[in-house]
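Structure first, commentary second.
Naming: A, B, ... by sequence-line order, numbering from 1 per chain.
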There are 2 protein chains.
Amino acid sequence: MMNPVEATTRPARIGRDGTRSQRPGRLASVVVEDLAREIISGNWAEGAVLPTEPVLCEEFGFSRTVIREALKLLEERGLLRVEQGRGTTVQPREAWNLLDPVVLRLALEYDQDMSLLDNLVTVRRILEREMAVAAAGRLTEADLDDLRKNIDAAEASYDDYPRFRFYDQKFHAILMKASGNEVGRTIVAAIHTHGGARPPLSAAASRAELARTVAAHRGVYEALAAGDGELAGDRISEHIDSAWAARKKVRRGARTRR
Amino acid sequence: MMNPVEATTRPARIGRDGTRSQRPGRLASVVVEDLAREIISGNWAEGAVLPTEPVLCEEFGFSRTVIREALKLLEERGLLRVEQGRGTTVQPREAWNLLDPVVLRLALEYDQDMSLLDNLVTVRRILEREMAVAAAGRLTEADLDDLRKNIDAAEASYDDYPRFRFYDQKFHAILMKASGNEVGRTIVAAIHTHGGARPPLSAAASRAELARTVAAHRGVYEALAAGDGELAGDRISEHIDSAWAARKKVRRGARTRR
DNA sequence: GGCCCATAAACATCAGATCTTTTGTCCGAG
DNA sequence: CTCGGACAAAAGATCTGATGTTTATGGGCC
(Lines give C-alpha, C1' and ligand atoms only; values in the text may rest on other atoms or scores of the structure.)
Protein backbone atom coordinates (compact mmCIF):
# COMPACT_ATOMS: atom_id res chain seq x y z
CA MET A 1 0.00 0.00 0.00
CA MET A 2 2.49 2.59 1.09
CA ASN A 3 5.94 2.81 -0.35
CA PRO A 4 8.55 2.72 2.37
CA VAL A 5 11.27 1.99 -0.12
CA GLU A 6 14.13 4.17 -1.23
CA ALA A 7 14.98 5.72 2.07
CA THR A 8 18.59 4.86 1.51
CA THR A 9 18.74 4.31 -2.24
CA ARG A 10 22.24 5.03 -3.35
CA PRO A 11 23.72 2.09 -5.20
CA ALA A 12 26.92 3.96 -5.93
CA ARG A 13 26.98 4.58 -9.63
CA ILE A 14 26.22 1.21 -11.03
CA GLY A 15 26.90 1.04 -14.72
CA ARG A 16 26.23 -1.67 -17.18
CA ASP A 17 29.32 -3.48 -16.03
CA GLY A 18 27.43 -6.59 -15.05
CA THR A 19 27.69 -6.11 -11.28
CA ARG A 20 24.30 -4.51 -10.91
CA SER A 21 23.34 -6.68 -7.99
CA GLN A 22 20.23 -4.58 -7.44
CA ARG A 23 18.37 -2.12 -9.56
CA PRO A 24 16.97 0.95 -7.83
CA GLY A 25 13.68 0.68 -9.59
CA ARG A 26 14.56 3.31 -12.12
CA LEU A 27 18.03 4.41 -13.04
CA ALA A 28 16.84 7.96 -13.32
CA SER A 29 16.04 8.02 -9.63
CA VAL A 30 19.71 7.49 -8.87
CA VAL A 31 20.64 10.49 -10.98
CA VAL A 32 17.84 12.55 -9.46
CA GLU A 33 18.97 11.70 -5.97
CA ASP A 34 22.57 12.50 -6.76
CA LEU A 35 22.02 15.81 -8.46
CA ALA A 36 19.32 16.90 -6.03
CA ARG A 37 21.73 16.26 -3.21
CA GLU A 38 24.41 18.39 -4.80
CA ILE A 39 21.99 21.24 -5.15
CA ILE A 40 20.16 21.00 -1.84
CA SER A 41 23.32 20.51 0.14
CA GLY A 42 24.47 23.82 -1.24
CA ASN A 43 27.39 22.21 -2.97
CA TRP A 44 26.19 23.72 -6.21
CA ALA A 45 25.17 27.32 -5.76
CA GLU A 46 22.33 29.15 -7.44
CA GLY A 47 23.07 29.91 -11.05
CA ALA A 48 25.74 27.24 -11.38
CA VAL A 49 25.82 25.56 -14.77
CA LEU A 50 25.68 21.79 -14.91
CA PRO A 51 27.82 19.73 -17.25
CA THR A 52 26.23 19.08 -20.60
CA GLU A 53 24.09 16.02 -21.11
CA PRO A 54 26.76 13.96 -22.87
CA VAL A 55 29.20 14.68 -20.06
CA LEU A 56 26.66 13.66 -17.44
CA CYS A 57 26.07 10.47 -19.38
CA GLU A 58 29.74 9.66 -19.10
CA GLU A 59 29.94 10.58 -15.43
CA PHE A 60 27.02 8.44 -14.42
CA GLY A 61 27.52 5.74 -16.98
CA PHE A 62 23.92 5.93 -18.14
CA SER A 63 22.45 6.77 -21.50
CA ARG A 64 21.00 10.09 -22.42
CA THR A 65 17.49 8.74 -22.04
CA VAL A 66 18.04 8.29 -18.33
CA ILE A 67 19.96 11.51 -17.82
CA ARG A 68 17.35 13.54 -19.64
CA GLU A 69 14.52 11.99 -17.68
CA ALA A 70 16.29 12.91 -14.46
CA LEU A 71 16.93 16.47 -15.59
CA LYS A 72 13.28 16.89 -16.53
CA LEU A 73 12.14 15.65 -13.17
CA LEU A 74 14.53 17.97 -11.39
CA GLU A 75 13.28 20.85 -13.49
CA GLU A 76 9.74 19.92 -12.53
CA ARG A 77 10.72 20.11 -8.88
CA GLY A 78 12.12 23.58 -9.31
CA LEU A 79 15.71 22.62 -8.70
CA LEU A 80 16.97 23.11 -12.24
CA ARG A 81 16.24 25.12 -15.30
CA VAL A 82 16.85 23.49 -18.65
CA GLU A 83 17.10 25.72 -21.70
CA GLN A 84 17.84 24.72 -25.21
CA GLY A 85 20.96 26.28 -26.58
CA ARG A 86 22.07 27.56 -23.19
CA GLY A 87 22.47 24.70 -20.82
CA THR A 88 21.18 23.59 -17.46
CA THR A 89 21.42 25.87 -14.43
CA VAL A 90 20.67 25.61 -10.74
CA GLN A 91 17.56 27.44 -9.57
CA PRO A 92 17.45 29.60 -6.44
CA ARG A 93 16.10 28.04 -3.29
CA GLU A 94 12.94 30.12 -3.59
CA ALA A 95 11.97 28.10 -6.64
CA TRP A 96 12.31 24.71 -4.99
CA ASN A 97 9.16 22.77 -4.43
CA LEU A 98 9.62 21.94 -0.79
CA LEU A 99 6.56 19.73 -0.73
CA ASP A 100 8.03 17.32 -3.21
CA PRO A 101 9.06 14.08 -1.52
CA VAL A 102 12.64 14.03 -2.70
CA VAL A 103 13.24 17.72 -2.18
CA LEU A 104 11.67 17.64 1.24
CA ARG A 105 13.64 14.63 2.35
CA LEU A 106 16.97 16.03 1.27
CA ALA A 107 16.21 19.51 2.52
CA LEU A 108 15.41 18.07 5.92
CA GLU A 109 18.59 16.08 5.85
CA TYR A 110 20.61 19.23 5.48
CA ASP A 111 18.39 21.22 7.81
CA GLN A 112 20.91 21.53 10.63
CA ASP A 113 19.07 23.99 12.84
CA MET A 114 15.74 22.27 12.30
CA SER A 115 14.17 25.49 11.08
CA LEU A 116 12.62 23.69 8.13
CA LEU A 117 11.22 20.97 10.32
CA ASP A 118 9.84 23.69 12.55
CA ASN A 119 8.20 25.32 9.55
CA LEU A 120 6.70 22.04 8.56
CA VAL A 121 5.21 21.41 11.95
CA THR A 122 3.87 24.93 12.08
CA VAL A 123 2.11 24.59 8.75
CA ARG A 124 0.75 21.26 9.75
CA ARG A 125 -0.52 22.54 13.06
CA ILE A 126 -2.24 25.53 11.51
CA LEU A 127 -3.87 23.55 8.77
CA GLU A 128 -4.96 20.65 10.89
CA ARG A 129 -6.49 22.94 13.43
CA GLU A 130 -8.69 24.60 10.88
CA MET A 131 -9.48 21.37 9.15
CA ALA A 132 -10.61 19.84 12.40
CA VAL A 133 -12.97 22.75 12.84
CA ALA A 134 -14.33 22.18 9.37
CA ALA A 135 -14.61 18.46 9.93
CA ALA A 136 -16.72 18.92 13.04
CA GLY A 137 -19.67 19.98 11.00
CA ARG A 138 -19.31 17.23 8.43
CA LEU A 139 -18.41 14.05 10.25
CA THR A 140 -20.81 11.19 9.69
CA GLU A 141 -21.59 8.48 12.19
CA ALA A 142 -19.38 6.16 10.18
CA ASP A 143 -16.49 8.63 10.42
CA LEU A 144 -16.88 8.85 14.16
CA ASP A 145 -16.94 5.08 14.38
CA ASP A 146 -13.77 4.95 12.34
CA LEU A 147 -12.06 7.41 14.61
CA ARG A 148 -13.06 5.56 17.74
CA LYS A 149 -11.95 2.20 16.42
CA ASN A 150 -8.73 3.78 15.28
CA ILE A 151 -7.94 5.13 18.71
CA ASP A 152 -8.63 1.78 20.27
CA ALA A 153 -6.38 0.07 17.79
CA ALA A 154 -3.58 2.52 18.50
CA GLU A 155 -3.98 1.96 22.21
CA ALA A 156 -3.47 -1.74 21.63
CA SER A 157 -0.24 -1.14 19.71
CA TYR A 158 2.04 0.34 22.32
CA ASP A 159 4.51 -2.46 21.77
CA ASP A 160 4.61 -2.18 18.00
CA TYR A 161 5.79 1.29 17.11
CA PRO A 162 5.40 1.12 13.32
CA ARG A 163 1.89 -0.16 13.83
CA PHE A 164 1.21 2.62 16.29
CA ARG A 165 2.43 5.23 13.84
CA PHE A 166 0.20 3.77 11.20
CA TYR A 167 -2.88 4.27 13.36
CA ASP A 168 -1.66 7.66 14.46
CA GLN A 169 -1.41 8.85 10.88
CA LYS A 170 -4.65 7.16 10.00
CA PHE A 171 -6.45 9.17 12.67
CA HIS A 172 -5.27 12.41 11.16
CA ALA A 173 -6.03 11.15 7.66
CA ILE A 174 -9.66 10.43 8.53
CA LEU A 175 -10.01 13.92 9.89
CA MET A 176 -8.40 15.54 6.87
CA LYS A 177 -10.63 13.63 4.54
CA ALA A 178 -13.72 14.57 6.51
CA SER A 179 -12.79 18.23 6.46
CA GLY A 180 -13.65 18.32 2.78
CA ASN A 181 -10.61 20.45 2.04
CA GLU A 182 -8.70 18.60 -0.65
CA VAL A 183 -5.93 21.13 -0.87
CA GLY A 184 -5.28 21.03 2.83
CA ARG A 185 -5.42 17.26 2.80
CA THR A 186 -2.84 17.09 0.03
CA ILE A 187 -0.46 19.36 1.89
CA VAL A 188 -0.84 17.72 5.25
CA ALA A 189 -0.51 14.28 3.71
CA ALA A 190 2.76 15.30 2.07
CA ILE A 191 4.07 16.58 5.37
CA HIS A 192 2.96 13.48 7.24
CA THR A 193 4.35 11.01 4.79
CA HIS A 194 7.64 12.54 3.89
CA GLY A 195 8.35 14.90 6.74
CA GLY A 196 7.43 12.53 9.51
CA ALA A 197 9.68 9.84 8.14
CA ARG A 198 12.81 11.55 9.41
CA PRO A 199 14.34 11.73 12.82
CA PRO A 200 13.54 12.99 15.31
CA LEU A 201 9.97 12.42 14.25
CA SER A 202 10.53 8.87 13.15
CA ALA A 203 12.40 7.76 16.26
CA ALA A 204 10.59 5.40 18.56
CA ALA A 205 8.79 7.10 21.40
CA SER A 206 8.41 6.26 25.03
CA ARG A 207 5.33 4.48 26.24
CA ALA A 208 4.31 7.58 28.15
CA GLU A 209 4.49 9.62 24.97
CA LEU A 210 2.34 7.13 23.12
CA ALA A 211 -0.18 7.21 25.92
CA ARG A 212 -0.30 10.98 25.73
CA THR A 213 -0.94 10.75 22.00
CA VAL A 214 -3.84 8.40 22.51
CA ALA A 215 -5.25 10.61 25.22
CA ALA A 216 -4.97 13.63 22.96
CA HIS A 217 -6.70 11.83 20.12
CA ARG A 218 -9.46 10.78 22.45
CA GLY A 219 -9.86 14.38 23.55
CA VAL A 220 -10.18 15.49 19.95
CA TYR A 221 -12.65 12.74 19.27
CA GLU A 222 -14.83 13.71 22.18
CA ALA A 223 -14.90 17.33 21.14
CA LEU A 224 -15.87 16.28 17.62
CA ALA A 225 -18.54 13.90 18.85
CA ALA A 226 -19.96 16.74 20.92
CA GLY A 227 -19.98 18.92 17.83
CA ASP A 228 -17.56 21.45 19.29
CA GLY A 229 -15.27 22.15 16.37
CA GLU A 230 -13.36 24.97 17.99
CA LEU A 231 -12.49 22.83 20.96
CA ALA A 232 -11.42 19.98 18.70
CA GLY A 233 -9.24 22.38 16.74
CA ASP A 234 -7.63 23.77 19.85
CA ARG A 235 -6.95 20.30 21.13
CA ILE A 236 -5.38 18.99 17.95
CA SER A 237 -3.26 22.10 17.67
CA GLU A 238 -2.09 21.67 21.23
CA HIS A 239 -1.46 18.00 20.57
CA ILE A 240 0.75 18.62 17.58
CA ASP A 241 2.64 21.34 19.39
CA SER A 242 3.36 19.35 22.50
CA ALA A 243 4.29 16.23 20.57
CA TRP A 244 6.76 18.26 18.56
CA ALA A 245 8.18 19.93 21.64
CA ALA A 246 8.76 16.51 23.20
CA ARG A 247 10.48 15.36 20.04
CA LYS A 248 12.72 18.36 19.86
CA LYS A 249 13.88 17.67 23.38
CA VAL A 250 14.73 14.09 22.45
CA ARG A 251 16.69 15.21 19.49
CA ARG A 252 18.60 17.78 21.44
CA GLY A 253 20.09 15.14 23.66
CA ALA A 254 20.79 12.71 20.86
CA ARG A 255 23.12 14.40 18.38
CA THR A 256 22.05 12.26 15.50
CA ARG A 257 23.92 14.16 12.81
CA ARG A 258 25.59 11.59 10.69
CA MET B 1 4.84 36.02 -19.31
CA MET B 2 2.13 33.50 -18.80
CA ASN B 3 1.24 31.08 -21.47
CA PRO B 4 -2.31 31.62 -22.55
CA VAL B 5 -1.83 29.16 -25.32
CA GLU B 6 -2.99 25.62 -25.40
CA ALA B 7 -6.43 26.05 -23.98
CA THR B 8 -7.49 24.07 -26.97
CA THR B 9 -4.10 22.70 -27.87
CA ARG B 10 -4.29 20.00 -30.38
CA PRO B 11 -2.44 21.53 -33.27
CA ALA B 12 -3.58 18.77 -35.53
CA ARG B 13 -0.69 16.48 -34.84
CA ILE B 14 2.15 18.37 -36.37
CA GLY B 15 4.95 16.14 -37.48
CA ARG B 16 8.16 17.09 -39.17
CA ASP B 17 6.30 17.86 -42.34
CA GLY B 18 7.65 21.36 -42.59
CA THR B 19 4.43 23.19 -41.80
CA ARG B 20 5.16 23.56 -38.11
CA SER B 21 4.42 27.24 -38.08
CA GLN B 22 4.64 27.35 -34.30
CA ARG B 23 6.25 25.16 -31.70
CA PRO B 24 4.61 24.90 -28.30
CA GLY B 25 7.87 25.23 -26.45
CA ARG B 26 8.14 21.54 -25.74
CA LEU B 27 6.16 18.92 -27.51
CA ALA B 28 5.81 16.97 -24.30
CA SER B 29 3.83 19.81 -22.76
CA VAL B 30 1.16 19.29 -25.39
CA VAL B 31 0.85 15.66 -24.45
CA VAL B 32 0.88 16.47 -20.75
CA GLU B 33 -1.86 19.01 -21.16
CA ASP B 34 -3.94 16.67 -23.22
CA LEU B 35 -3.67 13.62 -21.01
CA ALA B 36 -3.97 15.63 -17.81
CA ARG B 37 -7.17 17.11 -19.12
CA GLU B 38 -8.63 13.69 -19.88
CA ILE B 39 -7.89 12.56 -16.35
CA ILE B 40 -8.84 15.67 -14.41
CA SER B 41 -12.02 16.19 -16.35
CA GLY B 42 -13.07 12.75 -15.21
CA ASN B 43 -13.16 11.49 -18.73
CA TRP B 44 -10.78 8.76 -17.73
CA ALA B 45 -11.76 7.21 -14.43
CA GLU B 46 -9.48 5.95 -11.72
CA GLY B 47 -7.82 2.69 -12.62
CA ALA B 48 -8.35 3.11 -16.34
CA VAL B 49 -5.51 1.79 -18.45
CA LEU B 50 -3.94 4.07 -21.00
CA PRO B 51 -3.00 2.94 -24.48
CA THR B 52 0.52 1.59 -24.76
CA GLU B 53 3.37 3.91 -25.58
CA PRO B 54 3.56 2.98 -29.26
CA VAL B 55 -0.15 3.61 -29.65
CA LEU B 56 0.11 6.99 -27.98
CA CYS B 57 2.96 7.83 -30.31
CA GLU B 58 0.73 7.15 -33.25
CA GLU B 59 -2.20 9.07 -31.81
CA PHE B 60 -0.17 12.18 -31.06
CA GLY B 61 2.20 11.87 -33.92
CA PHE B 62 5.24 12.27 -31.68
CA SER B 63 8.10 9.95 -30.98
CA ARG B 64 8.44 7.77 -27.93
CA THR B 65 10.94 10.20 -26.46
CA VAL B 66 8.27 12.83 -26.17
CA ILE B 67 5.51 10.50 -25.07
CA ARG B 68 7.66 8.96 -22.41
CA GLU B 69 8.73 12.32 -21.07
CA ALA B 70 5.11 13.33 -20.78
CA LEU B 71 4.13 10.12 -19.02
CA LYS B 72 6.94 10.55 -16.53
CA LEU B 73 5.88 14.07 -15.74
CA LEU B 74 2.29 13.00 -15.27
CA GLU B 75 3.44 10.23 -12.99
CA GLU B 76 5.41 12.75 -10.99
CA ARG B 77 2.27 14.81 -10.55
CA GLY B 78 0.38 11.84 -9.20
CA LEU B 79 -1.99 11.55 -12.12
CA LEU B 80 -0.61 8.34 -13.55
CA ARG B 81 1.17 5.24 -12.47
CA VAL B 82 3.63 3.73 -14.91
CA GLU B 83 4.71 0.16 -14.30
CA GLN B 84 7.00 -1.92 -16.37
CA GLY B 85 5.36 -5.01 -17.72
CA ARG B 86 1.88 -3.90 -16.74
CA GLY B 87 1.06 -0.64 -18.39
CA THR B 88 0.00 2.85 -17.42
CA THR B 89 -3.02 3.46 -15.20
CA VAL B 90 -4.91 6.46 -13.92
CA GLN B 91 -4.37 7.29 -10.26
CA PRO B 92 -7.19 8.16 -7.86
CA ARG B 93 -7.86 11.79 -7.20
CA GLU B 94 -6.39 11.45 -3.72
CA ALA B 95 -2.98 10.95 -5.26
CA TRP B 96 -3.06 14.07 -7.40
CA ASN B 97 -0.69 16.81 -6.47
CA LEU B 98 -3.13 19.67 -6.38
CA LEU B 99 -0.39 22.22 -5.83
CA ASP B 100 1.22 21.47 -9.15
CA PRO B 101 0.60 24.27 -11.64
CA VAL B 102 -0.87 22.15 -14.40
CA VAL B 103 -2.97 20.01 -12.13
CA LEU B 104 -4.22 23.01 -10.22
CA ARG B 105 -5.11 24.92 -13.34
CA LEU B 106 -7.06 22.10 -14.89
CA ALA B 107 -8.69 21.06 -11.63
CA LEU B 108 -9.92 24.61 -11.19
CA GLU B 109 -11.17 24.63 -14.73
CA TYR B 110 -13.40 21.67 -13.99
CA ASP B 111 -14.29 22.89 -10.52
CA GLN B 112 -17.89 23.72 -11.24
CA ASP B 113 -19.11 24.38 -7.73
CA MET B 114 -15.98 26.32 -6.81
CA SER B 115 -15.33 24.03 -3.86
CA LEU B 116 -11.71 23.65 -4.83
CA LEU B 117 -11.26 27.38 -5.16
CA ASP B 118 -12.89 27.73 -1.78
CA ASN B 119 -10.41 25.23 -0.34
CA LEU B 120 -7.59 27.15 -1.86
CA VAL B 121 -8.67 30.43 -0.38
CA THR B 122 -9.21 28.82 2.99
CA VAL B 123 -5.71 27.37 3.07
CA ARG B 124 -4.27 30.65 1.95
CA ARG B 125 -6.16 32.60 4.57
CA ILE B 126 -5.13 30.31 7.38
CA LEU B 127 -1.49 30.23 6.37
CA GLU B 128 -1.15 33.91 5.67
CA ARG B 129 -2.72 34.79 8.96
CA GLU B 130 -0.20 32.80 10.92
CA MET B 131 2.66 33.93 8.76
CA ALA B 132 1.76 37.55 9.34
CA VAL B 133 1.92 36.89 13.05
CA ALA B 134 5.33 35.34 12.65
CA ALA B 135 6.49 38.16 10.40
CA ALA B 136 5.59 40.79 12.97
CA GLY B 137 8.48 39.81 15.17
CA ARG B 138 10.98 39.59 12.34
CA LEU B 139 10.34 42.51 10.02
CA THR B 140 13.32 44.78 9.51
CA GLU B 141 13.14 48.49 8.81
CA ALA B 142 13.92 47.73 5.20
CA ASP B 143 11.02 45.31 5.03
CA LEU B 144 8.65 47.90 6.42
CA ASP B 145 9.93 50.41 3.92
CA ASP B 146 9.33 47.91 1.16
CA LEU B 147 5.80 47.33 2.31
CA ARG B 148 5.02 51.02 2.53
CA LYS B 149 6.42 51.78 -0.89
CA ASN B 150 4.55 48.82 -2.27
CA ILE B 151 1.23 50.08 -0.95
CA ASP B 152 1.85 53.51 -2.40
CA ALA B 153 2.71 52.03 -5.76
CA ALA B 154 -0.47 49.97 -5.76
CA GLU B 155 -2.49 53.01 -4.89
CA ALA B 156 -1.07 54.74 -7.94
CA SER B 157 -2.08 51.85 -10.22
CA TYR B 158 -5.85 51.90 -10.04
CA ASP B 159 -6.02 52.37 -13.78
CA ASP B 160 -3.66 49.55 -14.65
CA TYR B 161 -5.11 46.35 -13.30
CA PRO B 162 -2.24 43.96 -14.16
CA ARG B 163 0.14 46.38 -12.52
CA PHE B 164 -2.09 46.63 -9.49
CA ARG B 165 -2.20 42.86 -9.17
CA PHE B 166 1.55 42.76 -9.37
CA TYR B 167 1.88 45.05 -6.37
CA ASP B 168 -0.89 43.27 -4.58
CA GLN B 169 0.90 39.95 -4.86
CA LYS B 170 4.20 41.59 -4.06
CA PHE B 171 2.82 42.84 -0.77
CA HIS B 172 1.90 39.35 0.26
CA ALA B 173 5.20 38.01 -1.01
CA ILE B 174 7.22 40.36 1.16
CA LEU B 175 5.24 39.28 4.16
CA MET B 176 5.64 35.60 3.39
CA LYS B 177 9.34 35.98 2.97
CA ALA B 178 9.67 37.91 6.21
CA SER B 179 7.75 35.26 8.10
CA GLY B 180 10.73 32.97 7.75
CA ASN B 181 8.50 30.01 6.99
CA GLU B 182 9.75 28.61 3.72
CA VAL B 183 7.20 25.85 3.54
CA GLY B 184 4.33 28.22 4.02
CA ARG B 185 5.82 30.60 1.50
CA THR B 186 6.10 27.85 -1.10
CA ILE B 187 2.48 26.84 -0.63
CA VAL B 188 1.06 30.32 -0.62
CA ALA B 189 3.16 31.28 -3.63
CA ALA B 190 1.79 28.33 -5.55
CA ILE B 191 -1.74 29.32 -4.69
CA HIS B 192 -1.15 32.96 -5.59
CA THR B 193 0.53 32.27 -8.86
CA HIS B 194 -1.55 29.48 -10.25
CA GLY B 195 -4.80 29.74 -8.38
CA GLY B 196 -5.18 33.48 -8.69
CA ALA B 197 -4.72 33.36 -12.41
CA ARG B 198 -8.21 32.02 -12.98
CA PRO B 199 -11.54 33.69 -12.98
CA PRO B 200 -13.16 34.93 -10.93
CA LEU B 201 -9.96 35.88 -9.18
CA SER B 202 -8.28 37.12 -12.31
CA ALA B 203 -11.15 39.28 -13.49
CA ALA B 204 -10.66 42.99 -13.29
CA ALA B 205 -12.04 44.55 -10.16
CA SER B 206 -13.94 47.72 -9.53
CA ARG B 207 -12.12 50.80 -8.36
CA ALA B 208 -13.88 50.57 -5.02
CA GLU B 209 -12.62 47.04 -4.59
CA LEU B 210 -9.08 48.09 -5.33
CA ALA B 211 -9.36 50.91 -2.84
CA ARG B 212 -10.56 48.46 -0.21
CA THR B 213 -7.56 46.27 -0.93
CA VAL B 214 -5.17 49.16 -0.47
CA ALA B 215 -6.90 50.17 2.74
CA ALA B 216 -6.67 46.62 4.01
CA HIS B 217 -2.98 46.42 3.20
CA ARG B 218 -2.39 49.67 4.97
CA GLY B 219 -4.20 48.36 8.00
CA VAL B 220 -2.00 45.28 8.02
CA TYR B 221 1.07 47.44 7.62
CA GLU B 222 0.16 49.65 10.54
CA ALA B 223 -0.43 46.70 12.79
CA LEU B 224 2.94 45.27 11.81
CA ALA B 225 4.71 48.59 12.28
CA ALA B 226 3.18 48.77 15.74
CA GLY B 227 4.46 45.29 16.44
CA ASP B 228 1.00 43.85 16.93
CA GLY B 229 1.25 40.54 15.11
CA GLU B 230 -2.12 39.21 16.20
CA LEU B 231 -3.89 42.28 14.92
CA ALA B 232 -2.01 42.08 11.63
CA GLY B 233 -2.96 38.44 11.30
CA ASP B 234 -6.61 39.13 12.00
CA ARG B 235 -6.63 41.92 9.48
CA ILE B 236 -5.02 39.97 6.70
CA SER B 237 -7.33 37.07 7.33
CA GLU B 238 -10.30 39.35 7.18
CA HIS B 239 -8.92 40.96 4.05
CA ILE B 240 -8.55 37.68 2.20
CA ASP B 241 -11.97 36.55 3.28
CA SER B 242 -13.81 39.68 2.24
CA ALA B 243 -11.96 39.95 -1.06
CA TRP B 244 -12.94 36.39 -1.84
CA ALA B 245 -16.54 36.97 -0.83
CA ALA B 246 -16.69 39.96 -3.17
CA ARG B 247 -15.25 37.86 -5.97
CA LYS B 248 -17.69 35.06 -5.45
CA LYS B 249 -20.54 37.51 -5.74
CA VAL B 250 -19.18 38.81 -9.03
CA ARG B 251 -18.88 35.33 -10.39
CA ARG B 252 -22.36 34.40 -9.35
CA GLY B 253 -23.89 37.04 -11.54
CA ALA B 254 -21.65 36.38 -14.48
CA ARG B 255 -22.18 32.78 -15.52
CA THR B 256 -18.80 32.56 -17.14
CA ARG B 257 -18.87 28.85 -17.79
CA ARG B 258 -17.67 28.48 -21.31
C1' DG C 1 -5.61 -29.16 -8.99
C1' DG C 2 -1.24 -27.05 -8.37
C1' DC C 3 3.49 -25.99 -9.85
C1' DC C 4 6.92 -24.72 -13.49
C1' DC C 5 8.41 -22.78 -17.51
C1' DA C 6 7.81 -20.72 -22.23
C1' DT C 7 5.86 -16.88 -24.32
C1' DA C 8 3.95 -12.46 -25.02
C1' DA C 9 3.03 -7.76 -23.60
C1' DA C 10 4.62 -3.51 -21.96
C1' DC C 11 7.74 -0.47 -20.12
C1' DA C 12 13.13 0.63 -19.49
C1' DT C 13 17.34 1.55 -21.49
C1' DC C 14 20.68 2.12 -24.99
C1' DA C 15 22.96 4.04 -29.17
C1' DG C 16 23.44 7.23 -32.79
C1' DA C 17 21.69 10.66 -35.87
C1' DT C 18 19.38 15.00 -37.11
C1' DC C 19 16.93 19.36 -36.01
C1' DT C 20 16.42 23.97 -33.38
C1' DT C 21 17.61 27.43 -30.51
C1' DT C 22 20.85 30.29 -28.39
C1' DT C 23 25.02 32.61 -28.19
C1' DG C 24 29.34 34.38 -29.43
C1' DT C 25 32.67 35.71 -33.07
C1' DC C 26 34.27 37.82 -37.04
C1' DC C 27 34.27 40.93 -40.71
C1' DG C 28 32.72 44.58 -43.62
C1' DA C 29 29.97 48.90 -44.07
C1' DG C 30 29.39 53.40 -42.39
C1' DC D 1 35.63 52.80 -33.87
C1' DT D 2 30.93 51.17 -33.78
C1' DC D 3 27.04 48.78 -35.57
C1' DG D 4 24.94 44.68 -38.10
C1' DG D 5 24.59 40.67 -40.31
C1' DA D 6 26.59 36.26 -41.65
C1' DC D 7 28.53 32.35 -39.80
C1' DA D 8 29.89 28.81 -36.67
C1' DA D 9 29.80 26.50 -32.26
C1' DA D 10 27.36 24.77 -28.23
C1' DA D 11 23.61 22.62 -26.10
C1' DG D 12 19.32 20.85 -25.66
C1' DA D 13 15.00 18.60 -28.42
C1' DT D 14 13.39 15.09 -31.14
C1' DC D 15 13.46 11.02 -33.96
C1' DT D 16 14.47 6.16 -35.00
C1' DG D 17 15.25 1.42 -34.16
C1' DA D 18 17.15 -2.08 -31.38
C1' DT D 19 17.76 -4.59 -27.07
C1' DG D 20 16.95 -5.58 -21.98
C1' DT D 21 13.64 -6.45 -17.87
C1' DT D 22 9.53 -7.07 -15.59
C1' DT D 23 4.95 -8.84 -15.28
C1' DA D 24 1.17 -11.53 -16.57
C1' DT D 25 -0.60 -15.52 -18.85
C1' DG D 26 -1.27 -20.05 -20.65
C1' DG D 27 -0.09 -24.67 -21.30
C1' DG D 28 2.04 -28.83 -19.88
C1' DC D 29 3.58 -31.95 -16.38
C1' DC D 30 3.31 -34.18 -11.97
Presence of Arg86(B) side-chain N/O under 4.0 Å of dA10(C) phosphate oxygens OP1/OP2: no
Length of the line joining Glu69(A):CD and dC11(C):P, which is rounded to integer Å: 14 Å
Lys/Arg-Asp/Glu bridge criterion (N-O < 4.0 Å) met for Arg37(A), Glu33(A): yes
Whole-Å distance separating the CZ atom of Arg68(A) from the P atom of dT16(D): 15 Å
Short side-chain N/O contact from Ser63(B) to OP1 or OP2 of dC15(D), under 4.0 Å: yes
Distance, rounded to the nearest Å, where Ile67(B) contributes CD1 and dA13(D) contributes P: 16 Å
Aromatic plane relationship, His217(A) with Phe171(A) - under 30° parallel, 30 to 60° tilted, over 60° perpendicular: parallel
Protein-nucleotide distance (Leu71(A), atom CG; dA13(D), atom C1'), rounded to Å: 13 Å
Asn119(A) and Glu182(B): side chain donor to acceptor below 3.5 Å: no
d(CD, Gln84(A); P, dA9(D)) in whole Å: 18 Å
Whole angstrom value for the distance that separates P of dA12(C) from CD of Glu83(B): 9 Å
DNA chain D contacts made by residues 50-57 of chain B, counting heavy atoms under 4.0 Å: none
Name of the residue among Leu104(A), Val121(A), Leu120(A) meeting side-chain contact (heavy atoms from CB on, under 4.5 Å) with Val183(B): Leu120(A)
Phosphate OP1/OP2 of dA15(C) contacted by Arg64(A) side-chain N/O (<4.0 Å): no
Whole angstrom value for the distance that separates P of dT21(D) from CG of Leu27(A): 11 Å
side-chain N/O Lys72(B) vs dA12(C) OP1/OP2, d < 4.0 Å: yes
Contact under 4.0 Å: Thr65(B) side-chain N or O vs dT16(D) OP1/OP2: no
Between Ser41(A) and Asn43(A), a side-chain donor and acceptor under 3.5 Å: no
Crowding at CZ, Arg148(A) (>12 non-hydrogen neighbours, <6.0 Å): yes
Separation of atom CZ in Phe62(B) from atom P in dC15(D), rounded to whole Å: 7 Å
Side-chain N,O (Thr88(B)) to OP1/OP2 (dC11(C)) below 4.0 Å: yes
Residues which pass salt bridge (charged side-chain N to carboxylate O under 4.0 Å, His left out) with Asp160(A), listed by chain and number, not counting sequence neighbours: none
